[in-house]
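Have a look at the structure below, then the notes.
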Amino acid sequence: MPQAGPGVSPVEGVTYVGIDTLQEQTRLKALRRGYTFNLLVVGRSGLGKSTFVNTLFKATVARRKSGEEEPLPSTTEVKTVSSSLSEGGVRLNLTITDTPGFGDHINNENCWEPIVSYIEAQYGRYLQEEQKVDRLLHIPDTRIHCCVYFIPPTGHSLSSLDVEVLQRLDKIVNVVPVVAKADTLTLEERAAFKERIRADLSDHAIKVYPLQEYEDLDDAPENMKIRERLPFAVVGSTTWHEIHGKKLLGRRSNWGLVEVENKSHNDFAYMRDMLIRTHMQDLIGSTAERHYENFRRARLSTKTTSKVNIVNGQDTDHMEDLNESKI
Ligand SMILES: Nc1nc2c(ncn2[C@@H]2O[C@H](COP(=O)(O)OP(=O)(O)OP(=O)(O)O)[C@@H](O)[C@H]2O)c(=O)[nH]1
Ligand SMILES: [Mg+2]
């Protein structure tokens with residue numbers, strides 16, 4: 001059989017057009033540009049969010065010397081860390097935004113506001129760029145593609161504060177729930193707690209990623225397995241331990257060393273696989289197609305409403321400015 005190529009068809013008598021090379025063209029274009037993936041970590045105070053950020057960077061990007069590390073200070077402001085990874089010619093710009101923990105006050109009303117504002121500000125920034133007359137071909141993307149939400153390992157149920165925060169977040173961002181400090185629960189406690197949390201999420205109609213209603217048929221079996229594992233029970237640590245000549249990230253517990261990247265010890269590696277290996281493209285795509293689109297529609301329809309008022313004799317330019325400044 002003749003080799004496929006311009007003018008040569010793999011099927012006799014059929015003209016070969018070459019649309020099968022589109023995939024390769026798209027791949028090469030994406031490789032040149034690289035990928036940007038933005039993660040946000042959110043949750044109540046002291047659950048190990050900053051440790052998780054550092055663990056993910058260490059386990060994914062840097063393999064440094066073993067030894068104990070300085071304890072982390074409590075996070076007081078939103079902080080973004082970025083790192084560029086390259087593997088097999090594919091470049092990834094991984095950005096993780098760490099947020100201060102909440103829930104310490106007697107009155108925790110509106111404690112989610114800074115987080116919601118942060119997520120929306122990134123959409124606003126993108127929209128502003130997109131609407132410019134001379135806009136960039138590739139707008140720098142700071143939109144949050146995934147929010148990792150930390151649940152305290154209480155062994156009971158989801159607290160009312162977590163429910164309130166999650167109900168606000170799931171409308172604007174892809175949310176992946178995790179049980180923090182999983183090493184403080186036995187394997188049986190973890191399984192029971194996870195089941196309880198899944199039931200709580202469903203009772204409160206909180207939608208977590210991956211959503212069944214948006215998946216392709218091809219993804220369905222894999223996503224089903226992920227949903228059965230949610231919330232991921234994770235352990236974070238930035239301390240390297242030398243075991244049989246191998247450097248491992250881990251945390252000492254009553255039962256011995258809990259290895260961060262060992263799938264039989266906790267779900268950290270399952271989660272990293274989902275975020276970076278199997279679902280990154282879908283997380284980026286669904287952020288653009290659903291969450292950003294919802295924001296854009298809402299923001300632009302507010303503008304249209306203000307223009308209707310203008311026609312009714314209001315101050316046009318001033319109202320436009322007000323809308324812009326909200327971004
Ligand atoms: N047992 C256990 N402890 C952890 C784990 N991850 C972090 N810690 C410890 O929990 C404490 C708080 O960790 P941080 O990473 O600062 O927590 P945080 O959520 O960023 O805290 P805030 O910024 O104050 O909200 C530290 O003493 C960590 O060593 C874990 O997986 N298991
Ligand atoms: Mg912190």
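Ligands are counted one by one from 1 in listed order, and the atoms in each one are counted from 1 as well. Note that the structure is a prediction, hence the values are computed from the model and not measured.
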Within ligand 1, which atoms have a heavy atom of [X] less than 4.0 Å away?
| X | result |
| --- | --- |
| T75 | 20 (O), 22 (P), 23 (O), 24 (O) |
| V235 | 31 (O) |
| G236 | 5 (C), 6 (N), 30 (C), 31 (O) |
| T51 | 6 (N), 7 (C), 13 (O), 14 (P), 15 (O), 28 (C) |

Practice prompt. Evaluate whether atom CD of E195 has more than 12 neighbouring non-hydrogen atoms of other residues, nucleotides or ligands under 6.0 angstrom away.
Written response: no
Fill in: More than 12 heavy atoms of other groups within 6.0 Å of L22 CG
yes
Any chance the side chains of [X] and [Y] put a donor and an acceptor closer than 3.5 Å?
| X | Y | value |
| --- | --- | --- |
| T97 | T80 | yes |
| D162 | S159 | yes |
| T75 | S50 | yes |

Just to confirm my output: which protein heavy-atom neighbour is closest to [atom], and how far is it?
| atom | answer |
| --- | --- |
| atom 16 (O) of ligand 1 | L72 CB, 4.0 Å |
| atom 8 (N) of ligand 1 | R251 NH2, 3.4 Å |
| atom 24 (O) of ligand 1 | S74 OG, 2.5 Å |
| atom 19 (O) of ligand 1 | K49 NZ, 2.7 Å |
| atom 32 (N) of ligand 1 | D183 OD1, 2.7 Å |
| atom 17 (O) of ligand 1 | G48 N, 3.0 Å |
| atom 10 (O) of ligand 1 | K181 NZ, 3.1 Å |

Any N or O on [X] sitting closer than 3.5 Å to an N or O of ligand 1?
| X | value |
| --- | --- |
| A182 | no |
| G46 | yes |
| T184 | no |
| S50 | yes |
| G101 | yes |

Discussion item. The Mg ion (ligand 2) and S50: any N/O/S contact shorter than 2.8 Å?
Written reply: yes
Fill in: Any N, O or S atom of T75 closer than 2.8 Å to the Mg ion (ligand 2)
yes
Item to complete: Please assess N93 against Y35 for the test side-chain contact (heavy atoms from CB on, under 4.5 Å), listing each intermediate value before the final yes or no.
Response: CA-CA 6 Å; N93 188 34; Y35 293 87; over 6 Å; no
Worksheet item: So, are K132 and E129 salt-bridged, with charged N and O less than 4.0 Å apart?
Response: yes
Worksheet item: Relative to the ring of Y149, is the ring of F102 parallel (under 30°), tilted (30 to 60°) or perpendicular (over 60°)?
Response: tilted
Worksheet item: Parallel, tilted or perpendicular: which describes the rings of F150 and F52, with under 30° parallel and over 60° perpendicular?
Response: perpendicular
Worksheet item: Any protein heavy atom under 4.0 Å from atom 30 (C) of ligand 1?
Response: yes
Discussion item. Whether R143 engages the ring of Y123 as a cation-pi pair (distance to the six-membered ring centre under 6.0 angstrom, angle to the ring normal within 45°) should be assessed.
Written reply: no
Practice prompt. For the pair Y270 and F232, evaluate ring-ring contact (aromatic ring centres under 6.0 Å, His included) and give the outcome as yes or no after the intermediate values.
Written response: CA-CA 8 Å; Y270 284 110; F232 292 113; 7.5 Å; no
Worksheet, complete the sentence: Between the CG atom in L40 and the CG atom in D98, the distance rounded to the nearest 0.5 Å is 8.5 Å
